[in-house]
Amino acid sequence: MITTDYVIGSPCWVELTTSDVDRAVEFYGRVFGWTAEAAGPDAGGYRKFLYEGALIGGLGPRTDAAQPVTWSIYHNTPDLEMSFQRARELGAIALVEPVDVMGLGRMAHLADPQGGTVALWEAGTLPGMERTDDPNTVMWTELWAPSAQGAKEFYGGLFGWEFNDVELPGGQGTYSTVRPAGLGEDRYFGGIMGVAPADLPQTQGRADWHPVFHAADCDRSAAETEAAGGRVYMGPDDVPGVGRLAMCSDPSSAGFVLLAPDPG
């Protein structure tokens with residue numbers, strides 16, 4: 001589960017970079033009931049996503065046409081410079097150097113050795129999302145990478161994450177669940193899955209982080225996704241021991257997953 005008790009390496013923020021901010025606000029409002037408000041006159045068009053008044057993420061426009069439309073997952077660090085330097089030592093490439101964000105905190109972006117975005121957040125007045133795990137909020141994060149082992153070595157070295165490998169039925173490979181170092185079984189917050197580059201067309205074969213949103217009714221949310229102009233690529237399908245899920249994208253092609261978890 002994702003909690004708002006943020007420790008080093010915890011997912012603490014989700015952010016949509018999109019080619020059409022107004023359309024994104026309309027889409028996610030229809031599918032999840034989110035609202036959006038401007039982050040301020042100096043925020044460059046950035047907006048905050050809220051659900052029932054709680055801050056649950058953000059979105060902003062692309063800065064240029066080459067910037068990908070995507071969801072980014074920010075991970076908490078108490079020392080941005082240290083984590084930034086450690087990521088570079090492990091083979092990451094700097095994309096955005098550490099920078100202050102209006103006193104809310106400090107952020108940086110890198111590309112991991114497989115091209116996946118490493119988004120780092122050191123909290124100032126904003127620790128992160130105010131609500132998680134509930135229906136219509138983030139409940140899980142997932143990384144698809146050409147080399148799952150390479151991803152585990154990089155992120156384990158960066159954040160100290162611990163992993164539990166689960167063999168998928170039907171010989172579909174291994175899924176590695178992830179939790180912060182030293183915490184219990186209830187703190188697994190995401191997973192890593194090896195995916196062939198040919199099956200990652202959205203990122204041209206690079207590693208891809210995406211959020212998993214809690215859907216009270218997966219079929220209904222998937223139908224609403226399509227009705228609102230998005231796409232459902234797979235599902236809804238039942239996954240034993242997990243729940244009912246669907247792989248989707250919004251009208252601008254940013255990918256996400258819907259999950260109605262099994263009770264208990």
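Computation of the quantities below employed the complete heavy-atom set of this structure, encompassing side-chain atoms and omitting hydrogens, waters and symmetry-equivalent molecules. On a predicted model such as this, the values are computed, not experimentally measured, just so you know.
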Next item on the list: Please assess Met107 against Leu120 for the test side-chain contact (heavy atoms from CB on, under 4.5 Å), listing each intermediate value before the final yes or no.
Entry: CA-CA 5 Å; Met107 57 82 71; Leu120 302 172; over 6 Å; no

Next item on the list: Just do the side-chain hydrogen bond (donor to acceptor under 3.5 Å, both in side chains) check on Tyr155 and Asp112 with the steps written out, would you?
Entry: CA-CA 9 Å; Tyr155 289 98; Asp112 72 25; 2.7 Å; yes

Note to self: Using 0.5 Å steps for rounding, measure from the CD1 atom of Ile2 to the OG1 atom of Thr137.
What the structure shows: 8.5 Å

Checklist line | Closest non-hydrogen atom pair between Ala24 and Leu59, with its separation | finding: CB-CD1, 3.9 Å

Check: Parallel under 30°, tilted from 30 to 60°, perpendicular over 60°: which one fits the rings of His75 and Phe159?
Finding: tilted

Checklist line | Short N-O contact, Asp79 and Arg86, less than 4.0 angstrom | finding: no

Checklist line | Beyond-backbone contact of Thr225 with Arg231, side-chain heavy atoms, under 4.5 angstrom | finding: no

Next item on the list: Taking the side chain as every heavy atom from C-beta outward, state whether Thr141 and Val212 have any pair of such atoms under 4.5 Å apart.
Entry: no

Next item on the list: Decide if atom CD of Glu26 counts as having more than 12 heavy atoms of other residues, nucleotides or ligands within a radius under 6.0 Å.
Entry: no

Next item on the list: Look at the side-chain heavy atoms of Ile, Leu, Val, Met, Phe, Trp and Tyr, link any pair under 4.5 Å apart, and say whether Val166 and Met193 land in one connected group.
Entry: no

Note to self: Do Leu259 and Val242 make a side-chain contact, defined as non-hydrogen atoms from C-beta onward lying under 4.5 Å apart?
What the structure shows: yes

Next item on the list: Give the minimum heavy-atom separation between Ala228 and Val31, together with the two atoms involved.
Entry: CB-CG2, 4.3 Å

Notebook entry, point to check: Charged N to carboxylate O below 4.0 Å: is that the case for Asp5 and Arg187?
Noted result: yes

Margin query: Taking ring-ring contact (aromatic ring centres under 6.0 Å, His included) as the cut-off, I'd like each qualifying pair that reaches into residues 94-152, sequence neighbours left out, listed once.
Written below: Tyr74-His109, Trp144-His210

Check: Which atom names give the shortest non-hydrogen contact between Asp262 and Pro240, and what distance separates them?
Finding: OD2-C, 4.4 Å

Note to self: Donor-acceptor check, side chain of Glu224 to backbone of Arg30, threshold 3.5 angstrom: yes or no?
What the structure shows: no

Check: Are Met234 and Val232 in one and the same hydrophobic cluster, where Ile, Leu, Val, Met, Phe, Trp and Tyr link if side-chain heavy atoms are under 4.5 Å apart?
Finding: no

Margin query: I'd like to know whether the aromatic ring centres of Trp161 and Phe154 sit less than 6.0 Å apart in this structure.
Written below: no

Margin query: Is it the case that the ring center of Tyr51 lies less than 6.0 angstrom away from the ring center of Phe32?
Written below: no

Check: Okay, side chain of Glu122, backbone of Leu80: is any donor-acceptor separation there less than 3.5 Å?
Finding: yes

Check: More than 12 foreign heavy atoms under 6.0 Å from CD1 of Ile93: is that the case here?
Finding: no

Check: Among pairs that include at least one residue of residues 232-255, which meet ring-ring contact (aromatic ring centres under 6.0 Å, His included), considering only residues two or more places apart or in two chains?
Finding: none

Margin query: I need the minimum non-hydrogen distance between Leu200 and Asp208, along with the two atoms involved.
Written below: CD2-CB, 4.5 Å

Check: Within the distance-only criterion (no hydrogens, no angle test), does the side chain of Asp217 pair as donor or acceptor with the backbone N or O of Arg220 below 3.5 angstrom?
Finding: yes

Margin query: Asp20 vs Arg62, test: salt bridge (Lys or Arg N to Asp or Glu O under 4.0 Å). Steps then yes/no.
Written below: CA-CA 9 Å; Asp20 191 333; Arg62 294 189 295 181; over 6 Å; no

Next item on the list: Using the rule that two of Ile, Leu, Val, Met, Phe, Trp, Tyr join whenever any of their side-chain heavy atoms come within less than 4.5 Å, decide whether Tyr46 and Ile73 are in one cluster.
Entry: yes

Checklist line | Mutual orientation of the aromatic rings belonging to Tyr28 and Trp34 [parallel < 30°, tilted 30-60°, perpendicular > 60°] | finding: parallel

Note to self: For the residue pair Glu81 / Gln85, report whether a side-chain donor-acceptor contact shorter than 3.5 Å exists.
What the structure shows: no

Note to self: Tell me if the centroids of the rings in Trp13 and Tyr6 come within less than 6.0 Å of each other.
What the structure shows: no

Next item on the list: Run through Asp165, Thr174, Leu143 and flag the one making a side chain to side chain contact (heavy atoms under 4.5 Å, CB included) with Ile192.
Entry: Leu143

Next item on the list: Could you walk me through whether Val99 and Glu97 pass side-chain contact (heavy atoms from CB on, under 4.5 Å), step by step?
Entry: CA-CA 6 Å; Val99 62; Glu97 299 279 341; over 6 Å; no

Checklist line | Polar side chain donor-acceptor pair, Tyr188 to Asn164, under 3.5 angstrom | finding: no

Margin query: When you compare the side chains of Glu167 and Tyr175, does any donor N or O come within less than 3.5 Å of an acceptor on the partner?
Written below: no

Notebook entry, point to check: What closest approach, in Å, do Pro211 and Trp71 show between heavy atoms, and which atom pair accounts for it?
Noted result: CD-CB, 3.5 Å

Notebook entry, point to check: Counting only N and O atoms by type, is there a donor-acceptor contact under 3.5 Å from the side chain of Arg244 to the main-chain atoms of Cys218?
Noted result: no

Checklist line | Check against side-chain contact (heavy atoms from CB on, under 4.5 Å), Phe49 and Met129 | finding: CA-CA 10 Å; Phe49 272 133; Met129 296 174 288; over 6 Å; no

Notebook entry, point to check: For the side chain of His214 and the backbone of Asp133, is there at least one donor-acceptor N/O pair under 3.5 Å apart?
Noted result: yes

Margin query: Let me check something: do Leu168 and Val239 share a hydrophobic cluster, defined by ILVMFWY side-chain heavy atoms less than 4.5 Å apart, either directly or through other members?
Written below: yes

Notebook entry, point to check: Between Pro236 and Leu258, is any pair of side-chain heavy atoms under 4.5 Å apart?
Noted result: no

Checklist line | Pairwise ring-ring contact (aromatic ring centres under 6.0 Å, His included) hits with a residue in residues 77-97, at least two apart | finding: none

Check: Please walk me through it: do Leu16 and Thr70 pass side-chain contact (heavy atoms from CB on, under 4.5 Å)?
Finding: CA-CA 6 Å; Leu16 175 66; Thr70 188; over 6 Å; no

Next item on the list: Specify the closest pair of heavy atoms between Ser72 and Thr117, including all atoms of both residues, with the distance to one decimal.
Entry: OG-CG2, 4.5 Å

Check: Going only through I, L, V, M, F, W and Y residues with side-chain contacts under 4.5 Å, is there a path from Trp209 to Val69?
Finding: no

Notebook entry, point to check: Looking only at atom types and distance, does a side-chain atom of Glu142 sit under 3.5 Å from a main-chain N or O of Gly190, one as donor and one as acceptor?
Noted result: no

